[in-house]
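Notes follow the structure.
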Amino acid sequence: MARRLESQDQPPEPSSPTGVDRGEVISRGLRWTSSWALRTIVVLIALYLLERALAPLWVALLPLILALVISTVLWPVARWLGERGFPPALAAATSLLGALVVLGGVIVAIATSVADQSEDLANRSIGGVNKLRDWVQGPPLNIRPEQIDDGVKAITDRLRESGAQVAGGVFTGVSAAGAVIVTLLLSLVLTFFMIKDGPRFLPMLRRLTGERAGAHLTELLTRMWNTLSGFIRTQAIVSMVDAVFIGAGLLILRVPLALPLTALTFLGGFIPIVGATVAGALAVLVALVSNGFVTALIVLGIVIAVQQLEGHVLQPVLQSRSMNVHPALVLLGVTVGSATQGIIGAFLAVPVVAVLAVLLRYLGEQVDLRTGATQASDVSPATPHGEITAKAGEAAYRQHSAG
């Protein structure tokens, strides 16, 4: 009786309305977070070690990557020649030599234009410098001529003191130029073999890795190839439009070096956002030095109008079909690439981002197939092996659900 009264006097134990303890829920959340944090750390460490291991091989990886990019451009030509009876080696050699002839003709035309107009541009530049000097000597700056002479003398003395350092930089530049030539030659040789023996690569890969892994690699690499080639072709169209409109404006306004600036605009277009801006700024600068302030303003207006056409019409319509990558990722990729590898990194950043996006989308697709969120009929495979992998993923989900 006493025990019964004591039990009635004690307060009841606290309980959750759902029957699940709050501490247990928090504990499970912390375990899940720590588990994924540990996995993420392991992956990041693995990527860091991979980057450190591949860094010494960059001298071989760079020509390989460049050859892959060039091959996406020349492959349609080689395939067209092959359909008309050309042997693979002859089709690859013809397409490669034809591209070199076209590129050489453009370089000769640019060099001729620069040689013909360089003296006139130099004279106009001197006149522009004299105008600038007269302007700084007048109000509101009122800088005296002797102050300008002292500044020029200080710069000259500084350059003389740094003569040894400049000479060392020249030798470094010569060495770098030699490395660039070797890289380009190796890239051309690899391009020839890629175009010639490219169709044999995927069957050989399936023999080495087995049919299961080979099917995934075949589908994934084919999607990457399609995305990369689509990006190169699309960017070439966008760059060509930019170069035609800006080049026409420079020719109409009689701006010196119009042809080299047009070619630079075309090449700069392959570095989205940054390349077009730099090329446009250079065109405005040349117009300012050679033709004056009014012409420079007109050129600036043309550049801005063309970039607006590119950014709001061409890029959204064409790039969305070929890459499906958000512009923010493109800008981040260009920033990282230029910071780590300079100009070549900025050029290769967008293709790398596009290829990584294909990899992530493919992995997400396989996860959706195995969770039942996607069915094999919803997948658009690029190869027959992609259809096989999609059905295998759906079968894995059904087997897991039945078990």
Side-chain angles (χ1 to χ4, degrees), residues 1-55 209-221 223-224 227 320 323-337 339-340 349-350 352-381 385-403:
M1 185 69 178
R3 292 181 179 178
R4 186 183 303 174
L5 292 175
E6 291 177 0
S7 62
Q8 291 178 355
D9 293 338
Q10 292 178 354
E13 292 290 335
S15 61
S16 173
T18 59
V20 180
D21 185 69
R22 181 180 179 87
E24 181 64 25
V25 173
I26 296 175
S27 177
R28 286 202 301 265
L30 290 176
R31 285 198 300 269
W32 182 89
T33 303
S34 59
S35 174
W36 278 102
L38 181 60
R39 293 187 179 105
T40 303
I41 292 173
V42 171
V43 170
L44 292 177
I45 292 175
L47 291 176
Y48 173 76
L49 294 177
L50 179 63
E51 188 272 335
R52 299 290 295 178
L54 293 179
T209 60
E211 286 299 325
R212 179 179 298 178
H216 285 288
L217 291 174
T218 298
E219 176 68 14
L220 177 59
L221 293 177
R223 293 188 187 186
M224 288 181 174
T227 298
S320 60
M323 285 203 315
N324 192 22
V325 177
H326 195 275
L329 294 179
V330 173
L331 182 59
L332 290 175
V334 172
T335 303
V336 174
T340 55
V350 182
V352 170
V353 170
V355 168
L356 290 177
V358 172
L359 173 61
L360 294 177
R361 281 196 291 268
Y362 184 76
L363 293 176
E365 179 183 288
Q366 293 299 313
V367 171
D368 291 340
L369 287 169
R370 283 160 174 76
T371 58
T374 301
Q375 296 181 353
S377 57
D378 300 328
V379 177
S380 300
H385 295 84
E387 185 176 354
I388 294 174
T389 58
K391 291 181 178 179
E394 184 177 354
Y397 164 70
R398 291 178 179 175
Q399 182 179 1
H400 178 74
S401 299

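What you see is a predicted model; the values in this text were computed from it and never measured. Only this structure's heavy atoms are used, side chains among them; waters, hydrogens and symmetry mates stay out.
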Value for NE2 (His400) from OG1 (Thr371), rounded to nearest 0.5 Å, stands at 10.0 Å
Taken in chain and number order and not counting sequence neighbours, the residues that satisfy salt bridge (charged side-chain N to carboxylate O under 4.0 Å, His left out) with Glu211 are none
Can you check salt bridge (charged side-chain N to carboxylate O under 4.0 Å, His left out) on Glu365 and Arg361, steps first, answer last?
CA-CA 6 Å; Glu365 179 183 288; Arg361 281 196 291 268; over 6 Å; no
To the nearest 0.5 Å, atom NZ of Lys391 lies from atom CD of Glu387 at 4.0 Å
Could you go through residues 36-48 and list every donor-acceptor pair under 3.5 Å that involves a side-chain atom there, pairing it with any protein atom two or more places apart or in another chain?
from: Arg39; atom 1: NH1; to: Ser35; atom 2: OG; distance (Å): 2.7
from: Arg39; atom 1: NH2; to: Ser35; atom 2: OG; distance (Å): 3.4
from: Thr40; atom 1: OG1; to: Trp36; atom 2: O; distance (Å): 2.8

Residues at least two apart in sequence or cross-chain that pass salt bridge (charged side-chain N to carboxylate O under 4.0 Å, His left out) with Arg370, listed by chain then number, are none
Taking every heavy atom of Thr227 against every heavy atom of Ala354, the minimum-distance pair comes out as CG2-CB, 4.0 Å
Heavy atoms of Gly386 and Pro381 approach each other most closely as C-CB, 3.7 Å
The side chain to side chain contact (heavy atoms under 4.5 Å, CB included) partners of Ala395 (sequence neighbours excluded) come to none
- request: Please tell me if the side chains of Val25 and Arg28 come closer than 4.5 Å, counting only heavy atoms from C-beta onward.
  value: yes
Residues passing the side chain to side chain contact (heavy atoms under 4.5 Å, CB included) test with Leu220, sequence neighbours excluded, are Met224, Val358, Leu359, Tyr362
- Okay, side chain of Glu394, backbone of Gln375: is any donor-acceptor separation there less than 3.5 Å? no
Between the NE2 atom in His216 and the CG atom in Leu221, the distance rounded to the nearest 0.5 Å is 12.5 Å
Those residues at least two apart in sequence (or on a different chain) that pass side chain to side chain contact (heavy atoms under 4.5 Å, CB included) with Leu54 are Leu50, Leu57, Leu61
Exercise. Could you walk me through whether Leu363 and Val367 pass the side-chain contact (heavy atoms from CB on, under 4.5 Å) test, one step at a time?
Key: CA-CA 6 Å; Leu363 293 176; Val367 171; 5.5 Å; no
Kindly indicate whether the side chain of Val352, heavy atoms from C-beta on, has any atom under 4.5 Å from the side chain of Leu356. yes
Taking every heavy atom of Leu369 against every heavy atom of Thr374, the minimum-distance pair comes out as CD2-O, 3.4 Å
Residues at least two apart in sequence or cross-chain that pass side chain to side chain contact (heavy atoms under 4.5 Å, CB included) with Ser27, listed by chain then number, are Arg31
